[in-house]
Amino acid sequence: MQIQAGSGPLPREGDMDAEALRRYGHLFVDWIADYMRDIQSYPVLAQVKPGDIRQALPSIPPAHGEEMEHILADVERVIMPGITHWNSGNFMAYFGVTSSGPCILADMLTGAFNVSRMLWKTSPAATELEQVTLDWLRQMLGLPGPLFGMIHHNSAIANALAAAREMVPGLHVRQKGLAGRKEMPRLRFYASEEAHSSVEKAAILLGLGQESLRKIETDADYCMNVEALDQAIREDLRSGWWPFAVIATVGTTSTTSVDPVEQIADMCERYGLWLHVDAAYAGAAAIMPEMRWILRGCERADSLAINPHKWLFTSFSCSVFYTRRPQALRSAFSLTPDYLQNNEGHSGQALNLMDYDASLPHGFPALKLWMTLRYFGQDGLVNNIAAHCRLARQFSRWVEFSPTFELLVPTRFSVVCFRTHPAGMHNEEQLDRLNERVLNRVNAGGRTFLSSSRLKGRYTLRLAIGNLRTTEAEICVAWEELQKALRLEMGSIPSSWSGLRQGRLHLLSFSGEPTTALSGSGSIGSC
Ligand SMILES: *Cc1c(COP(=O)(O)O)cnc(C)c1O
């Protein structure tokens, strides 16, 4: 498109001036405060169809500068309908997360500073605050020091594996790569079949290949079976694989199961393997004294990841990576081009974080974690995390005492795995389909948002509490929506189990109570 000379206001020169920034800043902060106040009046899951947002936007770029009021109005008109409100207390899918008030404010400052902490001197405060804040967090979690810590956008499993691989003597993958080397053994690492998909993606990214990940079976509680791990390692050693690492998960994504880290650490010591502990979600729970045990054995891990952006009330892109062996990361990644030469790093006086990551570490993520930890304090964090666990137990009790729902795993933290299972319905495929339809119906309603997974093949509903705005009222809404959806689904089920429908429908009639049959019994069904 041609820009016509003289057809509009003069092109902007330079940045928004300080007074305009102040004026718009107030406008935006007011907008944000209203949004946070009213967030639960929006449908939590965006109710748009694929392409809706795109079509509502101009396909041609702005030729002239526009006013911020105008742009903000379009946020309301065009963008908001396409926002799924992760920061809402009704968001209980995947993992409930929160960008808390102090974090939102810190994010504003972070934008204003816009630093990169690739070198110490490119922002000493960003590097040093990160070290101090991560040491605070280490203490809050009861982990013995010293631990080197660094913040990444995501749980950096690839970094752990790259460091582990670099520590295998004689491989020199950093210099020589993997391809075309006849002498290269086939590398193998291990994680349970419940480990996060990012583990397998790291194998893809590092050129190890998906086959380099051997998934170890889990026991009845979805925890890694350590005997199976031992057997797998022996078998691999016999058949020419080179085992080099194990990833243990503390709080798996589907069920929040906790792998037996101590026994896995024994195994890693016996075979000389790098132990990485993925505590992305559940690690935060160790801040509660009674939950310290979940990180038992982690003091022996080579590396450990925990994501404050999951359950420590900071916005996304705040995943903490700890290691006892920072030199291994340096061996894998340190590389200083001419244009980033500096004296401080060489003299050993200053930490250059770019030496510990594959990409240049931009941004100032410690600022929001520091502000969040300070705003809440350890007692505030404990208080909120404990409240989430209590809510999850309360919801679990409703499920357990309901004749039409069942708990599929004991609730350990703040995630509940359950399904509807009307009496008399035994066909697993039918149950899968019913649960899927119930979930779709619940989520289409927009009052609450839950997700699903599969446990040993069975379709499972997941309610994940982690947002600071989730209270009893929000889990009540979820419970009501589930009952309502089930009632509607049962009503639409064809003849094959109409006998069942007649026998059960009276229990499913929606009365605002979990089940009419149990409404009198104490805390059960109190909503
Ligand atoms: C969520 C999750 C991850 C990945 O989370 P990121 O936010 O992408 O870092 C990794 N492991 C587990 C166990 C998780 O639950």
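Each ligand, and each atom within it, is numbered from 1 in the order the structure gives.
- Within ligand 1, counting atoms from 1 as listed, the ones closer than 4.0 Å to a heavy atom of Thr249 are 13 (C).
- Close contacts of ligand 1 with Phe95, meaning ligand atoms under 4.0 Å from a residue heavy atom, involve 15 (O).
- Considering both main-chain and side-chain atoms, Ser198 never comes within under 3.5 Å of ligand 1 through any nitrogen or oxygen pair.
- A side-chain N or O of Glu128 and one of Trp120 form a donor-acceptor pair less than 3.5 Å apart.
- No N or O atom of Ser319 sits closer than 3.5 Å to an N or O atom of ligand 1.
- Ligand 1 lies less than 4.0 angstrom from a heavy atom belonging to Lys310.
- The Asn154 neighbourhood of ligand 1 comprises atoms 6 (P), 7 (O), 8 (O), 9 (O), with distances under 4.0 Å to a heavy atom of that residue.
- Residues Thr252 and Thr249 have side chains that never bring a donor and an acceptor to within less than 3.5 angstrom of each other.
- The contact set between ligand 1 and Ala280, taken as ligand atoms under 4.0 Å from a residue heavy atom, comprises 2 (C), 3 (C), 10 (C), 11 (N), 12 (C), 14 (C).
- Using modelled atom types, no side-chain atom of Glu406 and backbone atom of Arg419 make a donor-acceptor pair closer than 3.5 Å.
- Looking at Asn225, its side chain does come within 3.5 Å of a backbone N or O of Glu227 through a donor-acceptor pair.
- Side-chain N/O atoms of Thr323 and Ser303 include no donor and acceptor closer than 3.5 Å.
- What sits closest to atom 11 (N) of ligand 1 on the protein, heavy atoms only, is Asp278 OD2, 2.6 Å.
- In this pair, His85 and Tyr35 present their aromatic rings tilted. The plane angle is within the 30 to 60° band.
- Note on ring orientation: taking the six-membered ring where Trp is involved, the planes of Phe376 and Phe313 are tilted (angle from 30° to 60°).
- The contact set between ligand 1 and Gly251, taken as ligand atoms under 4.0 Å from a residue heavy atom, comprises 13 (C).
- Note on ligand 1: His309 sits in its first shell, one or more heavy atoms being nearer than 4.0 Å.
- Annotation: cation-pi pair Arg138/Trp136 absent, no NZ/CZ under 6.0 Å from the ring centroid and within 45° of its normal.
- Ligand 1 has no nitrogen or oxygen under 3.5 angstrom from a nitrogen or oxygen of Tyr281.
- Remark: ligand 1 atoms within the under-4.0 Å shell around heavy atoms of Asn307 are 5 (O), 6 (P), 7 (O), 9 (O).
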